[in-house]
Amino acid sequence: MIQDTKQLAELLFPHVTMTPEEMEEKFPLRNLPEGAKVTRFGPSPTGFVHFGGLFPVTVSERLAHQSGGVFFLRIEDTDAKREIEGAAEGLIKTLSRYGINFDEGAVLGGDKGDYGPYRQSQRRDIYHVFAKKLVLDGHAYPCFTSDEELEALKTVDKKAEIKARDWQAEAEAQKAQMLKQREITLDEVKENLEAGNPFVLRILADGNPEIKTKFTDLVKGNLEIPENDEDFVLLKSDGIPTYHFAHAVDDHLMRTTHVIRGEEWLPSLAKHIQLFKYLGFRLPKFLHISQLMKLDENGAKKKLSKRDMGANLDDYSRMGYAPDCVMEYVMTLLNSNYEEWRMQNPDKHYTEFPFNIKKMSVSGCLFDFDKLNDVSKNVISKMSADAVYEQALAWAKDNDAELAECLSKDADYAKSIFAIGRGGKKPRKDLTTWADVKPYVDLFYDELFSIKDSYAENFSKEDIKTALSAFLDSFNIADDMNAWFDKIKAIAESMGYASDMKAYKANPEAYKGNVADVSMFLRVAVTGKLNAPDMYTVMQILGYDRVVARIKAMINNL
Ligand code: GLU
């Protein structure tokens, strides 16, 4: 190992003039009340927002905002190959639709806050300050590779792919190679730099995997982490940091108190603990969130992968799920006592729920569309008619022009439809997604209306016609509900159908049918369906002329 680390540090990072101490001053400890949490979301802008990403992001947002802390967005764009133009902006907009808003960080149009830049690609100089420090402290060293060597490595890899690999031997060879590289001399460094050979910066890992450090993850509980002895890469040959290095530097300088991320990072924790130690940084608290699982065809649990239905968050908008419904579902999965709280607090917003880390699932949440639909129905049933109207219209504008046209031509009319069966103790639950709106409201719009269901064979056409004509003869739109229904009962009776359900049930043979059948004759004629909301209200909304026209049309078509 090179002894003159000062010279080595200067050779490798001649351009770095700032010191770590100056960095500490530039990004001072945050002045926040006791207990306030600073959390972040650090997505890679790949253009794909995984539904599972909502879990760590929601936990981060809740914990920060519930404690009066700060929640910021850091764009982890160190992997240019995976980056998609405009993806960060798309992501910010998507999350905002879900009520996830950042106090600080990479916001639309730039950065907001004193701890930036918040895009890793713009933090290169900051990383290099700490890279230089690690070299100076003897904790990091360069590994040069000439172009020829890189080529050679590629061919070795190809051959190795063909042959069965001896992993043990390879690991040993790699370890020997790593140890050899640690022995680079100052002269070799100079030669390589002069030849323009690129280098990666590696950590000099002095851990002993036999030794295990006790560590408490706030979700996973007490863990024993074996020390790291792998000289992992800190800076890639283009000077861009790896996730590990960027994570340590950024979360320290941005004063993150709680690192909330997917459990796929758990195996790297040993590296991070070591890196924080070498850098002299205080370790933040960690919450490793279990990956989202689904049941496969055989009922076995498997990871919800990118290609699975429901994995892409953007699909939910297209499918017509209201963000509030999705968030309600996420909350039910995130905290085991959420549903209980919801029953006790039916009218509160989910942000009023006291989110508790201790109630999080250690082993992983199971994604299930049926449950999402169930939750969704409940949430929509409790929305106001105005909210349903606004959201359904917004969805229709993007997804169904015909529906959008119907809904927008008379907002009050549309709202009166959505008001049916809303507001009481047992609200109607017709809508799971905004895609359900069209088949629900179609009967109220002549351009969408059609007869979808037919009468059961056991009713005679003559009876149906008689009932419909009798209704037309007596129909008065000004009737109240009782008067309206009394007339239907009278029609039933005049045709030998029971007007009283109890009497009918006691002796069904004595009747041709009952008043519910007569109502059904009307329902199919007026709504086109066997199942529809309350007929009296439907007729009031449709108005006299349309009710009469539809009944007449049915009589003519029978
Ligand atoms: N960019 C990392 C990822 O997308 C972030 C992980 C973290 O939150 O630290 O997985």
Side-chain angles (χ1 to χ4, degrees), residues 37-64 69-84 87-92 94-95 100 102 104-106 115-124 126-127 215 217-220 225 232-234 236 240-276 279 281 283-292 303-306 311-314 334 357 360 364:
K37 298 182 174 67
V38 179
T39 64
R40 85 297 191 271
F41 185 48
S44 305
T46 58
F48 183 92
V49 192
H50 196 291
F51 179 78
L54 269 187
F55 291 72
V57 87
T58 304
V59 177
S60 306
E61 189 275 342
R62 287 289 74 225
L63 291 183
V70 177
F71 174 48
F72 68 86
L73 175 66
R74 180 170 70 224
I75 301 294
E76 309 217 328
D77 52 356
T78 53
D79 190 351
K81 283 198 289 299
R82 294 173 62 211
E83 195 174 340
I84 301 252
E89 284 63 33
L91 181 121
I92 296 169
T94 300
L95 290 177
I100 309 279
F102 298 92
E104 184 181 305
Y115 290 81
Y118 295 93
R119 287 166 212 258
Q120 289 182 331
S121 58
Q122 296 169 8
R123 299 176 59 78
R124 198 186 165 99
I126 300 177
Y127 301 123
F215 180 86
D217 180 278
L218 297 191
V219 177
K220 301 279 174 191
I225 312 281
F232 61 92
V233 173
L234 300 170
K236 295 178 261 184
I240 302 284
T242 55
Y243 168 81
H244 311 304
F245 190 43
H247 151 55
V249 172
D250 291 349
D251 281 321
H252 174 71
L253 290 183
M254 294 176 178
R255 310 298 176 185
T256 305
T257 61
H258 290 66
V259 170
I260 297 152
R261 60 184 180 188
E263 67 180 351
E264 65 276 18
W265 293 108
L266 208 47
S268 309
L269 193 57
K271 294 186 172 115
H272 304 154
I273 294 176
Q274 182 175 51
L275 198 44
F276 273 79
L279 286 163
F281 296 164
L283 208 59
K285 296 210 162 41
F286 285 85
L287 282 82
H288 285 95
I289 313 264
S290 306
Q291 299 212 315
L292 199 55
K303 213 177 95 184
L304 184 73
S305 87
K306 226 175 146 171
N312 187 345
L313 190 55
D314 284 333
L334 273 178
I357 299 174
M360 289 176 67

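What you see below is based on every heavy atom in this structure, not just the backbone, and it leaves out hydrogens, waters and symmetry mates. Both counts, for ligands and for their atoms, begin at 1 and track the order of listing.
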Worksheet item: Does a donor on one side chain and an acceptor on the other come within less than 3.5 Å for Thr256 and Lys37?
Response: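 No - no donor-acceptor pair under 3.5 Å links their side chains.
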Worksheet item: Taking atom types as modelled and ignoring hydrogens, do the side chains of Tyr115 and Asp250 form a donor-acceptor contact shorter than 3.5 angstrom?
Response: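 Checked: Tyr115/Asp250 side chains show no N/O donor-acceptor pair below 3.5 Å.
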I'd like to know if the side chain of [X] and the backbone of [Y] have a donor-acceptor N/O pair within less than 3.5 Å.
| X | Y | answer |
| --- | --- | --- |
| His50 | Leu304 | yes |
| Glu263 | Gln291 | yes |
| Arg255 | Val38 | no |

Item to complete: Check each atom of ligand 1 against the heavy atoms of Arg261 and keep those under 4.0 Å away; list them by number with element.
Response: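 So the answer, numbered in order with elements, is 7 (C), 8 (O), 9 (O).
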Worksheet item: So which protein heavy atom does atom 6 (C) of ligand 1 come closest to, and at what separation?
Response: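 Closest protein heavy atom to atom 6 (C) of ligand 1: Trp265 NE1, 3.4 Å.
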Practice prompt. Pick one of side chain, backbone, both or neither for how Phe41 approaches ligand 1, counting any non-hydrogen atom pair under 4.0 Å.
Written response: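 Neither; nothing of Phe41 gets under 4.0 Å from ligand 1.
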Worksheet item: Looking at ligand 1, does Ser44 have a heavy atom less than 4.0 Å from it?
Response: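 Under 4.0 Å: yes for Ser44.
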Should [X] be counted as touching ligand 1, given the test is an N or O pair under 3.5 Å?
| X | result |
| --- | --- |
| Arg40 | yes |
| Tyr243 | yes |
| Gly42 | yes |

Worksheet item: Should the pair Arg74-Asp251 be classified as a salt bridge under the 4.0 Å nitrogen-to-oxygen rule?
Response: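 Looking at Asp251 together with Arg74, the answer is yes, because their closest N to O distance falls below 4.0 Å.
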